[in-house]
Engineer: 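Submitted below is the structure of interest, expressed as structure tokens.
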Amino acid sequence: MRLYWFIILQLTFLLGYANNSSKPTLLIFSGSDWCIPCINFEKNVLSKEAFIVYGKKNLEIVKADFPQHKKQDKELVSKNEELADKYNPNGVFPLALLLDENGKIISHIKTNINSPQELIKQIEAALPKVTLKEYSKKVLLMGSSFEFTIVCEDENRAEYLLNASIDEVKRIEALISEWDSTSVVSEINRQSGISPVAVSEEVYQLFDRSRTLSELTLGSFDISFRGIHLYDFDKKEHSTFPDSVAIAEAVKSVNYKNISLRPQGKIMLTQKGMAVGFGASGKGYAADKVKQMLQQEGISAGVINASGDLCTWGNRPNGEPWRVGITDPDNSTKVLYWLPIENSAVATSGSYEKYFTYKGKRYAHIINPHTGFPITDKKSVSVFNQSAELSDAMATALFVMPIQEGLQLLESLPQMTAIIIDSDGKIHHSKKLELIE
């Protein structure tokens, strides 16, 4: 099978193209059992780990070997000779050529060298310089504004991948939205207290991670808060407030421990009337999945902005890191701090956009799962971590938790930091985080 694919690869060159890869090709003519310079080139350069790693990532490598003593398959010999007729008619050994994706010679590569670094340097110098640009697209998804930005060298490819990013978020939204009656989450809610629902491995793991985080935060993050429908955050001024009896009754349906993860990929809400929702972590999960998809497609840098929750990797075309501004909750046009976020994510939960006031007091849209009351002691919480899903969920958890208790929890989580702005405008932050205005 290995020999078959080697022959096919060589044949494609003779037809005037290499293969479907956009990588350049290093074509090497060698006499492996008689040509001393060929043997030295292989031993000192091509077989070294540094070049093997570089080659796998950046090149298609084709070796046309012409041994004098080793026997080769007749078809392979024929293909090698055809390659030699096209690229090495004078029979030079060793000979290394750098070819573009259409089989055109970019450069002759010197082989009388003694290190893989010298070869890599030659290849990098010979390759045409790629101009990287930022391409963006902004759309409304999951009830929020999503902006996708990727660093790419080709406008058409960027357009394709930006559309693929949108499709991926739509797929996740259709999967986990409690507002979509056809989603699996809606079915789980309909079957609360009745029967378990079979789900995909993806959904099962999402529920499993949510339960783990609920345990870590002692229930301050709880996806079963969805059962509380007492407040109207679209109405900014409230003249009445739900009575304590109604609130106490609503809280009875909130308990992550009643989310049962069962064998064979089944989930059940064991208490009738329960309902779950991923409003506190769904956007972050979607951002992580899009990032993963784009990296698999070879995009080395980008940023996903889900209404201020950012997920980044790589650097901007000018080499600078992506940056996030921590906004003043009382003045959205003012940035308190600019922070670089390199291969990381940040999510912010705040009371400055979605809230209502009652008797002059501001109530955030984030509800304490333990009490059923909206939070009043904080204006903003921003959490930094490599996972956007975890940052998103922890921003909600820290908004609910007492400030010092939340900061103490963060100290036990080495890959996570946070900035908390309380209701008086005082700034609290992790010890590991240095703030420069």
Side-chain angles (χ1 to χ4, degrees), residues 1-14 17-70 72 76-77 79-81 83-84 86-132 151-153 295-301 313-315 317 319 342-343:
M1 181 63 71
R2 194 175 184 180
L3 177 61
Y4 170 77
W5 283 113
F6 185 74
I7 293 171
I8 291 295
L9 179 60
Q10 290 181 330
L11 178 60
T12 58
F13 276 110
L14 298 175
Y17 57 89
N19 52 25
N20 291 328
S21 171
S22 60
K23 296 178 182 179
T25 298
L26 184 65
L27 174 59
I28 303 163
F29 290 93
S30 176
S32 62
D33 63 358
W34 60 271
C35 170
I36 299 302
C38 302
I39 295 171
N40 289 335
F41 185 49
E42 177 69 32
K43 177 183 177 182
N44 298 327
V45 180
L46 300 178
S47 64
K48 297 296 184 181
E49 182 69 15
F51 180 72
I52 292 172
V53 171
Y54 174 84
K56 284 182 178 179
K57 182 178 180 181
N58 300 285
L59 301 169
E60 298 291 342
I61 299 175
V62 176
K63 295 181 181 179
D65 190 19
F66 290 81
Q68 291 184 351
H69 306 292
K70 292 187 296 186
Q72 291 181 316
L76 177 59
V77 170
K79 301 309 174 188
N80 283 343
E81 289 175 349
L83 283 170
K86 182 172 183 178
Y87 291 106
N88 191 12
N90 296 323
V92 178
F93 293 90
L95 177 67
L97 302 172
L98 190 63
L99 311 176
D100 66 16
E101 60 188 33
N102 297 313
K104 183 179 178 180
I105 297 175
I106 299 174
S107 176
H108 284 68
I109 300 297
K110 294 179 181 178
T111 58
N112 57 339
I113 55 178
N114 295 308
S115 74
Q117 288 75 21
E118 291 179 78
L119 177 57
I120 293 170
K121 187 176 180 180
Q122 283 189 76
I123 292 170
E124 291 293 320
L127 291 175
K129 303 305 178 195
V130 175
T131 302
L132 293 174
V151 175
C152 190
E153 72 282 358
Q295 287 181 317
Q296 290 173 347
E297 290 288 340
I299 297 300
S300 61
W313 70 103
N315 292 321
E342 301 181 61
N343 298 310

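Computation of the quantities below employed the complete heavy-atom set of this structure, encompassing side-chain atoms and omitting hydrogens, waters and symmetry-equivalent molecules. Count residues from 1 along the sequence.
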Engineer: Could you pull out the closest heavy-atom pair between P94 and T111, with the gap in Å?
Structural biologist: CG-OG1, 3.4 Å
Engineer: Atom NZ in K86, atom CD1 in I105: separation rounded to 0.5 Å?
Structural biologist: 9.0 Å
Engineer: Rounded at 0.5 Å granularity, tell me how far CD in Q117 sits from NZ in K48.
Structural biologist: 10.0 Å
Engineer: Determine yes or no for a side-chain-to-main-chain donor-acceptor pair under 3.5 angstrom, with E42 supplying the side chain and S32 the backbone.
Structural biologist: no
Engineer: State, with a plain yes or no, whether a side-chain heavy atom of L27 is found less than 4.5 Å away from one of N88.
Structural biologist: no
Engineer: Minimum heavy-atom separation for S30 to D65, with atom names?
Structural biologist: O-OD1, 2.9 Å
Engineer: Is a side-chain N or O of D100 found less than 3.5 angstrom from the main chain of P24, in a donor-acceptor match?
Structural biologist: no
Engineer: Minimum heavy-atom separation for I299 to V151, with atom names?
Structural biologist: CG2-O, 3.8 Å
Engineer: When rounded to the nearest 0.5 angstrom, what distance separates CG in N112 from CG in N44?
Structural biologist: 11.5 Å
Engineer: Which atoms form the tightest heavy-atom contact between F51 and I120, and what is the distance?
Structural biologist: CD1-CG1, 4.1 Å
Engineer: Quick test of your reading: applying ring-ring contact (aromatic ring centres under 6.0 Å, His included), list the pairs with at least one residue in residues 92-118, sequence neighbours left out, ordered by first then second residue.
Structural biologist: W34-F93, F66-F93
Engineer: When you measure from the side chain of N80 to the backbone of A64, do you find a donor-acceptor pair of N or O atoms at a distance under 3.5 Å?
Structural biologist: no
Engineer: For the pair K23 (side chain) and K56 (backbone), establish whether a donor and an acceptor sit closer than 3.5 Å, ignoring hydrogens and angles.
Structural biologist: yes
Engineer: Under a 4.5 Å cut-off applied to non-hydrogen side-chain atoms, are I123 and Y54 in contact?
Structural biologist: yes
Engineer: Please name all residues satisfying disulfide (SG to SG under 2.5 Å) with C38, sequence neighbours left out, ordered by chain then number.
Structural biologist: C35
Engineer: Does K70 have more than 12 heavy atoms from other residues, nucleotides or ligands lying within 6.0 Å of its NZ?
Structural biologist: yes
Engineer: Between the main-chain N or O of G103 and the side-chain N or O of Y87, is there a donor-acceptor pair closer than 3.5 Å?
Structural biologist: yes
Engineer: Taking the side chain as every heavy atom from C-beta outward, state whether L119 and L46 have any atom pair closer than 4.5 Å.
Structural biologist: yes
Engineer: Can you give me the closest heavy-atom contact between L98 and A126, atom names plus distance?
Structural biologist: CD2-CB, 3.9 Å
Engineer: Looking at OG1 of T25 and CG of L97, how far apart are the two atoms once the value is rounded to the nearest 0.5 Å?
Structural biologist: 11.0 Å
Engineer: If you take all heavy atoms of A96 and L26, which pair is closest and at what distance?
Structural biologist: CB-CD1, 4.4 Å
